[in-house]
Amino acid sequence: MAETNPVPFFDDDLPAPKPGGIAARALAASGRGAKDYLAGLNPEQCEAVQTLDGPLLVLAGAGTGKTRVLTTRIAHILATGRARPSEILAVTFTNKASREMKHRVASLVGDVAEGMPWLGTFHSIGTKILRRHAELADLKSSFTILDTDDQIRLIKQILSAENIDEKRWPARSLAWTIDGWKNRGLSPKEVPAGEGASFANGKGKQLYEAYQERLKTLNATDFGDLLLEPIRIFRESPDVLAQYHRRFKFMLVDEYQDTNVAQYLWLRLLAQGPRNLCCVGDDDQSIYGWRGAEVDNILRFEKDFPGAKVIRLERNYRSDAHILGAASHLIAHNQGRLGKTLRPQGEDGEMVTVAGSWDSGEEARAIGEEIEQFQRQDVSLDEVAILVRASFQMREFEDRFMTLGVPYRVIGGPRFYERQEIRDALAYLRCVNSASDDLAFERIVNTPKRGLGDATVQTLNGIARSARIPLMEAARMAADTEELKPKPRQTLRDLTQCFQRWSHAAETMKHTDLAEMVLDESGYTEMWRQDRSPDAAGRLENLKELVRSMDGFENLQGFLEHVSLVMDTDTGDADEKVTLMTLHAAKGLEYDVVFLPGWEEGLFPHQRSLDENGRAGLEEERRLAYVGITRAKKRAKIYFASNRRIHGMWQSSIPSRFLDELPDTHVEVVEAPAAFSNRGFGESRFDRIEPFGSTYNTPGWQRAQQRRETFTANSFGNGYSGRRGGPTVIEGELVAKSTANAASYELGERVFHDKFGYGDITEVEGNKLTVQFDKAGQKRVIDSFVKRV
DNA sequence: ACTTTCAATCTTTTT
DNA sequence: GATTGAAAGT
């Protein structure tokens, strides 16, 4: 299913009631007007669904039917004819959630998901709003959305232009800082003076400003802008805001505890119209504080929206009583929560288990063995998940599953669209789609290698900057003049001609065929075919997958939009597999059996969280633990290891403090099945395959382990071979001076060129000049590269 | 212009 | 350990 609406963004502008309106159809679909959909809801859920007017906060504990309430509420609004699908704004935090919501609404009300254009993530809806009012934000509605990678490259350019030492002030951290400001809804001007000074000796604010400026000239936004710009538009253009007030009769927000300040401001502006705002969330599951989420938003709801009603959902239908008891007891250690009492509905079930092991390898073996046992007991592997705190923990499990032959899937690992080959391919497509996508162009000018190195790119950048044109055009110009040596010039000419041809073909060709053609003719696929490294085959496979995934979209534009907002892919494989993911990724999911490895001080709670955020950090970690345990329906199994390899070095660790916070009544301490099998002699039968039986901390063992890791990593296709993004130094004397005299020249004028020296103009053709140089002879140059004498 | 080598740095979670 | 950038070599 495509979550980006393939129909373009201006489709529902006219709220003309459709004949045989969807509401009517929905009503019919809901079963002869009877409120079937309310059946099976408990009283609180029912109330939450039917309380339509005024602000409403639904405090929904884990597993209490939060999504059900949201979707049923939408069905209810439609069925009662209070609003049409296009008049309901429903925002979620993740793509996964919005996808699921769409599904479930559709199954309740019939296939009107098409008619719910305003159901989506904060970011996708922000994009939609921004595209239609782009001109108010100084953008064209075709603006591109930069991902983190592009963002960092852009910031690097700015830093080097400002002559800031990237060693001391890494681009990453500036990106992070800017992101933080944006999360808090701060434009460059609004950054508090003290904070603005925190980066690069007081230049932080100024750099932020420069960054925003660059974005505008690139006709691009980053993730933060997708929220910030609409906020600004709403504030500055009340008529625009009023337009949305008229449109959105009802607003629903999922996972309200995860909203940041910007999102809150955005919502509050929209909710000034009809005040029918319904927020669903659970303060105990707020785990994105590090990304700017403000638990405060949910704690303050009643103050922010006077007259708000609060409904608590406390009946938990997911987990057995022991699991719930353990989780509740743990989370009770947190202060500053609204407080809920989760009530189990089912039986006691099994106790939560805690098992220790010698090291992380043994932990993985123990879990692997238990999974095999479940497998023999016909437990579906789809119902088994391993939730880790940090992604590096996954590797050990992948390793283990590989040798055991246990099928597994990784969620949120190295993501499809972040892989090098995919990003390269996308860059090509972006260039075809829009010739002014400079970052994309820069990425692929010399991929595959065509002899266009740093020097060439710098020249192009110079031309582009001074003439204020996109790089692609600069390249086209450079091909016609003599700024560059003949060889790169020819290459450049060929390349730009290719792109012209492709862009032209794009108008008539099917976009999937186009993609294949582009990748083929550019030599990109050939590059990987030539590549002898072991993962080249996997990369080619990924490229095929990319083209295949484009099939689900109307056109190239729609696909690219999808990609920039949805960084995950639907892993629509039907095979039964164990799921491996981080705790963060697990929110909102549930499994019969949940393994929770790595409960050690420093890892979980994570040291950094403690260092940087103190008690608040600890509480967030604890909420993370709570989220982890409450994912389990029948069994929750916690592990800790005494030794773990961190940064490649073995470190001993002590069990997590969270273990002590679990209640004895619901927890039993067990011995991991493989415990102490590592004493060197008595290998368990499952270790046969392990050629390294003796001790686990000898250098030899570690080396062997490494070798195996690199080996298996390849077959998983996540190897990143050294990526070299041409560090492009822009700016410099040359550019600064040449920008000044962009005026047109006249025949016979005397000019100076940095490379060719003095000369006289013999011909003028637009911004291209022919100059008879005193020493270098006659050359064609670009006007911005010379100056009057 | 490209490749290799070496040293330095930093290790969470992600729309 | 892994990734990254810069310097030296081809």
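Proteins come first, then strands; the chains are lettered A, B, ... in the order of their sequence lines, and each starts at number 1.
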Task: Euclidean distance, atom CZ of residue A:R153 to atom P of C:dT4 [Å, nearest integer] - done: 13 Å
Restricting both atoms to N or O, compile the protein contacts to nucleotides 9-13 of chain B shorter than 3.5 Å, with distance only.
unit_1	atom_1	unit_2	atom_2	d
B:dT11	O5'	A:R608	NH1	3.4
B:dT11	N3	A:H647	ND1	3.0
B:dT12	O2	A:R389	NH1	3.2
B:dT12	O2	A:R389	NH2	2.2
B:dT13	OP1	A:S391	N	2.9
B:dT13	OP1	A:S391	OG	2.1
B:dT13	O2	A:W290	NE1	3.0
B:dT13	O2	A:R389	NH2	3.1
B:dT13	O2	A:H584	NE2	3.4

Task: Residue of the set A:H606, A:E621, A:E600 for which side-chain hydrogen bond (donor to acceptor under 3.5 Å, both in side chains) holds with A:R389 - done: A:E621
Task: Length of the line joining A:N446:CG and B:dT3:C1', which is rounded to integer Å - done: 13 Å
- [ ] Identify, with sequence neighbours excluded, every residue that meets side chain to side chain donor-acceptor pair (under 3.5 Å) alongside A:R489.
- [x] none
Task: N-O pairing of A:E229 and A:R232 below 4.0 Å - done: yes
Task: Contacts of A:F658 that satisfy ring-ring contact (aromatic ring centres under 6.0 Å, His included) - sequence neighbours left out - done: A:F604
- [ ] Would you kindly give the OH-to-P distance between A:Y264 and B:dT15, to the nearest whole Å?
- [x] 25 Å
Open item on the list: Once you apply a heavy-atom cut-off of 4.0 Å, does A:F93 come out as touching a base, just sugar-phosphate, or nothing?
Closed with: sugar-phosphate
TODO: Could you tell me the separation between the CD1 atom of A:I152 and the C1' atom of C:dG5, rounded to a whole number of Å?
DONE: 15 Å
Open item on the list: I need the CD-P distance between A:E229 and B:dT15, as an integer number of Å.
Closed with: 22 Å
Task: Dot-bracket encoding of pairs in DNA chain B, which uses [ ] for pseudoknotted crossings and | for another strand, Watson-Crick or G-U under 3.5 angstrom - done: ||||||||||.....
- [ ] Measure from the side-chain N and O atoms of A:T491 to the backbone N and O of A:K487, and report whether any donor-acceptor pair falls under 3.5 Å.
- [x] yes
- [ ] Measure the acute angle between the ring planes of A:H123 and A:F223, then classify it against the limits of 30° and 60° as parallel, tilted or perpendicular.
- [x] perpendicular
Task: Qualifying residues under ring-ring contact (aromatic ring centres under 6.0 Å, His included), relative to A:F640, sequence neighbours excluded - done: none
Task: Nearest-Å distance for atom pair CG/C1', residues A:D454 and C:dA6 - done: 12 Å
Open item on the list: For the P atoms, the ones on B:dT13 and on C:dT4, what distance do you get once it is rounded to whole angstrom?
Closed with: 15 Å
Task: A:K587 NZ - B:dT15 C1' separation (whole Å) - done: 12 Å
- [ ] May I have the distance from A:D179 (atom CG) to B:dT14 (atom C1'), rounded to whole angstrom?
- [x] 10 Å
Task: Nucleotide nearest A:K449 when distance is taken to its side chain, options B:dT15, B:dC2, C:dG5 - done: B:dC2
Open item on the list: For A:D494, give me all partners under side chain to side chain contact (heavy atoms under 4.5 Å, CB included), at least two apart in sequence or on another chain.
Closed with: A:Q490, A:Q497
TODO: Hey, can you tell me if A:W528 and A:Y524 have their rings parallel, tilted or perpendicular (30° and 60° cut-offs)?
DONE: perpendicular
